[in-house]
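Single-structure report; data block below.
Numbering of ligands and ligand atoms starts at 1, following listing order.
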Amino acid sequence: MRAAVYRRAHFNAAHRLHNAKWSDERNREVFGPCNNANFHGHNYELEVCVKGNVNPDTGYVMDLGVLKQIIKEEVEDRFDHKNLNLDVPDFQDRMPSAEHIAAAIYDYLLPRLPAGLELSLKLWETPRNAVGYPV
Ligand code: NI
């Protein structure tokens with residue numbers, strides 16, 4: 001049988017959405033408060049979903065304690081209390097939007113999972129706005 005397991009995590013980070021190819025006015029128009037020149041913070045909520053076969057020996061898809069540790073190392077240690085634009089190399093050349101943050105998290109987590117499992121995640125940037133990846 002197959003099943004999905006879920007783990008929630010949390011990190012705080014600052015960012016600024018700004019496209020250097022555009023005027024300040026256009027940036028303000030498109031990105032609103034996320035264009036604030038001196039950055040601003042979000043309380044990111046992450047939901048990680050791992051799907052796969054239930055191992056008959058453990059009854060688990062995967063050990064959630066192991067998943068918790070992987071998320072700590074790959075996501076929280078990397079992003080928590082960081083300025084995503086300035087501190088995190090992933091966003092030197094791409095916008096630190098929730099879409100790109102979710103894609104970066106996926107790329108860090110996937111190689112750490114036991115083979116054959118399917119990963120997807122949802123990243124909440126505000127209590128009402130979330131991004132799912134992959135789709
Ligand atoms: Ni923002």
Apply the salt bridge (Lys or Arg N to Asp or Glu O under 4.0 Å) test between Glu47 and each candidate in Arg7, Lys122, Arg8; give the one that qualifies.
Arg8
Examine the side chains of Asn12 and His10 and answer whether a donor and an acceptor come within less than 3.5 Å of each other.
yes
So, Asp90 versus Tyr108: side-chain donor-acceptor pair below 3.5 Å or not?
yes
Could you give me the CA-CA distance, side-chain angles and deciding distance for Arg28 and Glu25, then say whether salt bridge (charged side-chain N to carboxylate O under 4.0 Å, His left out) is met?
CA-CA 5 Å; Arg28 273 194 299 272; Glu25 190 187 13; over 6 Å; no
Hey, are Lys82 and Glu76 close enough for a salt bridge, meaning a charged N less than 4.0 Å from a carboxylate O?
no
Under a 3.5 Å threshold, yes or no: a donor from one side chain and an acceptor from the other, between Asn85 and His15?
no
Shell of protein N/O/S atoms around the Ni ion (ligand 1), taken as anything under 2.8 Å
His15 NE2, Cys34 SG, His40 NE2, His42 NE2
